[in-house]
Participant: 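Supplied in C-alpha cells, the structure appears directly below.
First the proteins, then the strands, lettered A, B, ... as listed; each starts at 1.
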Amino acid sequence: MKEISKHYDPQETEPKWREFWEKEGIYKFNSKAQGEIFSVDTPPPYVSADHLHAGHVMSYAQAEFIVRFKRMCGFNAYYPMGFDDNGLPTERFVEKKYKINKSKISRSDFIKLCLEETKKGSETYRNLWTLLGISVDWSKTYSTINEHCRRISQWSFIDLYNKKKVYRTKKPILWCTTCRTAIAQADLEAEEKESNLVYIKAKAETGETIVFATTRPELLPAVMGISVHPEDKRYKNIIGKNITMPLTKKKVILTADEATDMQYGSGVVYYCSYGGGECIEWLSRHPEAKPIELVLPNGRFSSSGGAYEGMKVLEARKKIIEDMERVGAIEKIEPIKHSVYVHERCGTDVEYMESEQWFIKILESKKEFLKRGQELHWFPKTMKRNYDDWVSNLKWDWCISRQRYYGVPFPVWYCEKCGEVILPDMKDLPVDPLEEQPKIKSCPKCKGKKFFPEKDVFDTWQTSSLTPIIAQKLIGDSTTQKKLYPSSLRPQAFEIIRTWLFYTIVKSHYHHNQLPFVNAMISGHGLDEQGRKISKRLGNYIPPEKIIEEYGADAVRYWATGATLGQSLKFNILEVKKGRRTTTKLWNIARFMAMHETKPKLVQSGSQLERADIWILEEMNKTIAEATKNFENYTYAKAKDAIDDFFWSKLADYYIEFIKYRLFGEDKRSKEAAIKTLAMVFFNVIKMYAPIMPFVTEEIFQEFFKSAEKTKSVHLSKWPKELNFSKKTNISDFKDAIKAIDEIRKFKTEKGISLGIDIESLKLKTKVDLKKYGEFLKKAGRVKKLA
RNA sequence: GGGCGCGUAGCUCAGUUGGUUAGAGCAUCUGUCUUACAAACAGAGGGUCAGAGGUUCGAGUCCUCUCGCGCCCACCA
C-alpha cells in the first residue's frame, strides 16, 4: 500500500482536483446524458464588482450546493454562467475608475474602456469561482453585451412591440441629472434626508395673504397651480381667485382638490413641474395647467428660471430662499426629515421631467403578474410578500430607454419625414442603428427615404430579464432547448426581487405566457463579523482568495452552508476553521479505515452484523433521510448540521471506538463486519459532504472508494439512499449501552485516568442488559469487570 | 405610516404539529498524547428562552400589548 500522508493539505489537493474536473469535463452539460434536466438560471453578476467578498462567495456557493446535490441525485444539471456587463453599473464603474465624464469622451472610446473592464471583471469572477469549486459549465457562458444577448434582447423588444406591449411617448418621467438618463421606478431608492419645509406667503386678488408650505421652493418659477381641499373653511371664499406668487409675480388660480390634506402644513399646496409624483398626478386632474420646463437634463435651470438660469437645483433653492426672505415672502422655515427618492446607482435626488421615452406596459397587467407570483415556488415562502408588495405598488410603466452609451442599442430607426418607427427584420439581429441603415428603401407609411437612428440604449434589465432564454439558447438543438425552459431554479438575492425577478416574470409572461422558472431560491446577504454590510468603502472584509489560501475552499464553503435561506449570515472565521477541521477529520478517518484494508463492497447480510453495526447503520439511515429532505427544501444549513452531528458525534466519537477491539481482535467474522460497516457508513458520509466540500471528498473518493462505484468523480456518484439490511435484531436498548459507555468515560475522566487504560472493575449505575452488552461494554470501554 | 423577520448560555445560532431536568458549536475551566486525529478526545460550569399579560393540565413554542434591532414598501406637499 502506498504511503498516505498524515495531514490533509488543501493547498496541495485543491488545485489538483480543479484541473481534473476541468480536464475531464465533470461539470460539462451533455444534452444526451440520462436523467431529467435540472437547469439553473444563474445570476450574472455585475462585472463592475471588482472587489469580491464573502457575500458574493456565500450567495453563489449556496446555489451551488443545490446543483451538486441534484447532480448526484441523477439529474442532468445545466449550470451555465453569465456576466452582466452592460448598462449603468458598468458605465458608472468606468467613469469612477478613470475619472471621466460621459460628455467629455467619445462614445466609441468609452465603450472600448467598458469592454476592457468587462473582460477584466469576468476574469476576476471566473478565477474566484474556479478557486471555490463552483461547478458551472464554463463552456456555457454569456455576457449580456455579446452578440448572442444583443440578438435576444432586440428580439424581445420587437416581439413586445408587435404584441403592443411596448410604446414610445412623451410624458413626465424619472430622471437622474448625474447619470443624465431616464430611469425606472425600480432604480429608485428612498433615502431619509434633512430638509426644510418653507412656508411661503402669496397674495390673493381679494387682498388676503395665503401661505403654502413646500420643500422645493426653487421650483417656484415652474408653478402650475395651487390647491386647497374643497371642504377647507379657511379658504372657501378664495377658491377660483387669482394668486400672485412672490418674486416671479406669476398668477395662478386657487383650485379645489380633494387630494389636499387639510392637516399638513397650512393646508395649501402648490404644484410645479415637477416637484414629484404628486405634481404629475395633480396635473392629470387639472388639464388647464401648463407645465414649464425648468430643470434641464443636466440638472441646471433653463431660461424659464429667469434670474436663476444656469443654476443647479440646490444652488437655486438657497438663492430663492434668500431672495424671498428679502422681500418678506417667507413666513417661517421648519427643518424636517423626510424621505426622498434618489437614483440607487449614484445617490442623486431624482427629478421628474417631461421626455420622450420607450416603455414596456406593466401597470395594466399587475393582476396577471401577481398570479404568476403565486404560481412560483418561493424558497423561503415569505419572500413572495416582497414581490406582491412591489407589484401592487407599481406606479410607472417600465421605462427601458437610457440616454447612455454602453448597452444594447434599440433596433429602431425613425422616418425623418413622418416619424414612423422602422424595425429591422428578426433575422438581421442584432443591429446597431447608429452604424447601419434599415434594409427597407422607403418608409411604408409616407414613402420617405431618409431615416435617423434611435440613439438610446436599453436599460440593463431589458437584457438581464431574459437570462432564462439566453441560457436556453446557448444550447443548439431544439429538442434540448424545449427542456431547458422554464429553468428549474432561479437562485438570487432578495434585493433584486423587484428588478431581476419581477422583470424576468414580465418578459416570460408576455413572450411565452408562462413562468420563466419553476423555483426561486432567495438568499440573504453576507455581512461582516459585526453584522454590517460588506463594502469596499468600509474595507471590512478579507479578500476571499486570501481565506481560501489559508483554510482551503472547502472551509469557506463550509461557512457559507451555515446560512438560513433568505437570512443574512455574518462572516465567521471560526466557522471557516471548523470547516478546515472537518476536512482534517475526514482525512483521518479515511486513514484509519485504510489501515484495515478494505474494499467498500459494503454490508451484505444482517447475519454477521453486531449490535453496534446495526446501530450506526440505523443512525446513518436517519441522517441520509434528514440530509436529503433538507437539501430538497434548500435548507442546506440543516442538512449540514445533520451530517456534522452524525459524522463527528456518532461515527467518529462512538462507532470507531466501539469497533477498535474488533478490528485488532481475533474474531475474523466480527472484524469483517466492522470494517464493512465502517466503509459503508464513511462512504456515505463522504457523499453527503460532497456538495458542501467538493475537494476533500473528491480526494478521499479517488484515493479509497474509486473501486466501489465506477464513476470518474465523487460528484458524479449516486447520492446515498437509506440502506436496507436485516432488522431482525432489535437494538432499541442500544442507547442504554451508550449511556453505560458514557458512565465509564466519565468515571475515568474524573479520576484522571486515560481512556485507553483498562481498569479493573466498575459498578455501573446505568441500567443496561449485561447479558446482551456486557462483553461489548467491557471491551469497548476497557473495563475488566463490570457489575 | 403599513408589512415582514428577529430578540434563547459570554459569542454565533438550533429548537419541527405546545409535552418529561431548554440543545449544539465556539469561548471558559478540568483531565487525557486512548494502536485515525492534541488541528484531537473525555468531562464540568454557564440560560427568569427581551418584558408584561392571557389561553392551556402543560408555553421558548399559540394569542394580545410593550420595548429593542434589521429589512421591504409608502407622493403627504
Participant: Using whole Å, what does the distance between atom P of nucleotide rU35(B) and atom OH of Tyr661(A) come to?
Facilitator: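 Taking atom P of rU35(B) as the reference, OH of Tyr661(A) is at 18 Å.
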Participant: For Glu191(A), which residues count as a side-chain contact (heavy atoms from CB on, under 4.5 Å) partner, sequence neighbours excluded?
Facilitator: Lys193(A), Val342(A)
Participant: Please determine if Lys640(A) forms a cation-pi arrangement with Tyr558(A), meaning its NZ or CZ atom is less than 6.0 Å from the six-membered ring centre and no more than 45° off the ring axis.
Facilitator: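 Relative to the ring axis of Tyr558(A), which defines the angle, Lys640(A) lies inside both limits.
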Participant: Only counting residues at least two apart or in another chain, list the ones meeting salt bridge (charged side-chain N to carboxylate O under 4.0 Å, His left out) with Asp528(A).
Facilitator: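 Checked Asp528(A) against salt bridge (charged side-chain N to carboxylate O under 4.0 Å, His left out); matches are Arg532(A).
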Participant: Check Glu760(A) with Lys784(A), please: is the shortest side-chain N to carboxylate O separation under 4.0 Å?
Facilitator: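 Yes, this pair counts.
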Participant: Let me know the distance between CH2 of Trp648(A) and C1' of rA42(B), rounded to the nearest Å.
Facilitator: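 It works out to 15 Å between those atoms.
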Participant: Can you measure Lys384(A) atom NZ to rG3(B) atom C1' for me and round it to whole angstrom units?
Facilitator: 13 Å
Participant: Looking across every strand, which nucleic acid part, if any, lies under 4.0 Å from Asp645(A) by heavy atom: base, sugar-phosphate, or nothing?
Facilitator: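 The answer is nothing, as Asp645(A) stays clear of every strand by at least 4.0 Å.
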Participant: Using atom P of each nucleotide, how far apart are rU8(B) and rG45(B) to the nearest Å?
Facilitator: 23 Å
Participant: For Lys778(A), which residues count as a side-chain contact (heavy atoms from CB on, under 4.5 Å) partner, sequence neighbours excluded?
Facilitator: Glu775(A), Leu786(A)
Participant: Give me each pair satisfying salt bridge (charged side-chain N to carboxylate O under 4.0 Å, His left out) with a member in residues 255-278 of chain A, each pair once, sequence neighbours excluded.
Facilitator: Asp257(A)-Arg285(A)
Participant: At under 4.0 Å between heavy atoms, how does the protein contact nucleotides 9-28 of chain B? Give one character per nucleotide, 5' to 3', with B, S or -.
Facilitator: ---SSSS----------S--
Participant: Ignoring backbone atoms, test whether Arg745(A) places a side-chain nitrogen or oxygen under 4.0 Å from the OP1 or OP2 oxygen of rA42(B).
Facilitator: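 It does, given that an N or O in the side chain of Arg745(A) lies less than 4.0 Å from OP1 or OP2 of rA42(B).
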Participant: Say you pick atom C1' in rU21(B) and the same atom in rG25(B); how far apart are they, in whole Å?
Facilitator: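 Here rU21(B) and rG25(B) have their C1' atoms 22 Å from each other.
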Participant: If the condition is side-chain contact (heavy atoms from CB on, under 4.5 Å), which residues does Lys366(A) pass it with, not counting sequence neighbours?
Facilitator: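 Applying side-chain contact (heavy atoms from CB on, under 4.5 Å) to Lys366(A) gives Leu363(A), Val391(A), Leu394(A).
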Participant: Can you tell me how far C1' of rA38(B) sits from NZ of Lys585(A), to the nearest Å?
Facilitator: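 Going from NZ in Lys585(A) over to C1' in rA38(B) covers 11 Å.
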Participant: Between Leu755(A) (CG) and rA42(B) (P), how many Å, whole number?
Facilitator: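 Distance check: Leu755(A) CG to rA42(B) P gives 8 Å.
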Participant: Among residues at least two apart in sequence or on other chains, which ones pass salt bridge (charged side-chain N to carboxylate O under 4.0 Å, His left out) with Lys668(A)?
Facilitator: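 Residues passing salt bridge (charged side-chain N to carboxylate O under 4.0 Å, His left out) with Lys668(A): none at all.
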Participant: Does Lys367(A) have any side-chain contact (heavy atoms from CB on, under 4.5 Å) partners at least two apart in sequence or in another chain, and if so, which?
Facilitator: none
Participant: Can you pull every protein N or O that's under 3.5 Å from an N or O on nucleotides 72-77 of chain B?
Facilitator:
residue	atom	partner	partner atom	Å
rC72(B)	O2'	Asn386(A)	OD1	3.0
rC73(B)	OP1	Arg498(A)	NH1	2.3
rC73(B)	O2'	Asn393(A)	ND2	2.7
rC75(B)	OP2	Tyr341(A)	OH	2.9
rC76(B)	O2	Asp261(A)	OD2	3.1
rC76(B)	N3	Asp261(A)	OD2	2.6
rA77(B)	OP1	His338(A)	ND1	3.2
rA77(B)	OP2	Tyr264(A)	OH	2.8
rA77(B)	N6	Asp261(A)	O	2.5
rA77(B)	N6	Tyr264(A)	O	3.1
rA77(B)	N1	Asp261(A)	N	3.1

Participant: Send over the distance from Met595(A) CE to rU34(B) C1', rounded to a whole Å.
Facilitator: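 For the pair Met595(A) CE and rU34(B) C1', the rounded distance is 13 Å.
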Participant: What residues, two or more places apart in sequence or in another chain, satisfy salt bridge (charged side-chain N to carboxylate O under 4.0 Å, His left out) together with Lys748(A)?
Facilitator: none
Participant: Could you state the atom-to-atom distance from CZ of Phe664(A) to C1' of rU34(B) in whole Å?
Facilitator: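 It is 11 Å, rounded to the nearest whole Å.
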Participant: Measuring only the P atom in each nucleotide, how far is rU30(B) from rU17(B)? A whole number of Å is fine.
Facilitator: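 These two P atoms come out 42 Å apart once rounded.
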Participant: Residues two or more places apart in sequence or in another chain: which of them pass salt bridge (charged side-chain N to carboxylate O under 4.0 Å, His left out) with Glu743(A)?
Facilitator: none
Participant: Is the shortest side-chain N to carboxylate O distance from Glu281(A) to Lys395(A) below 4.0 Å?
Facilitator: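 Not counted as a salt bridge, because no side-chain N and carboxylate O are separated by less than 4.0 Å.
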Participant: Rounded to whole angstrom units, what separation is found between the OH atom of Tyr655(A) and the C1' atom of rC37(B)?
Facilitator: 19 Å
Participant: Identify whether any heavy atom of Ile497(A) sits under 4.0 Å from a base atom; if not, whether one sits that close to sugar-phosphate; answer base, sugar-phosphate or nothing.
Facilitator: nothing
Participant: On RNA chain B, nearest-nucleotide positions of Ile589(A) versus Lys746(A): which is more 5'?
Facilitator: Ile589(A)
Participant: Convert the base pairs of RNA chain B into dot-bracket notation, remembering that pairs crossing earlier ones are written with [ ] and that bases paired across to another strand are shown as |; include only Watson-Crick or G-U pairs under 3.5 Å.
Facilitator: ((((((((.[[[[.)...(...]]]].(((((.......))))).....[[[[[..)....]]]]])))))))....
Participant: Any idea which of rC41(B), rA42(B), rG43(B) is nearest the Thr749(A) side chain?
Facilitator: rA42(B)
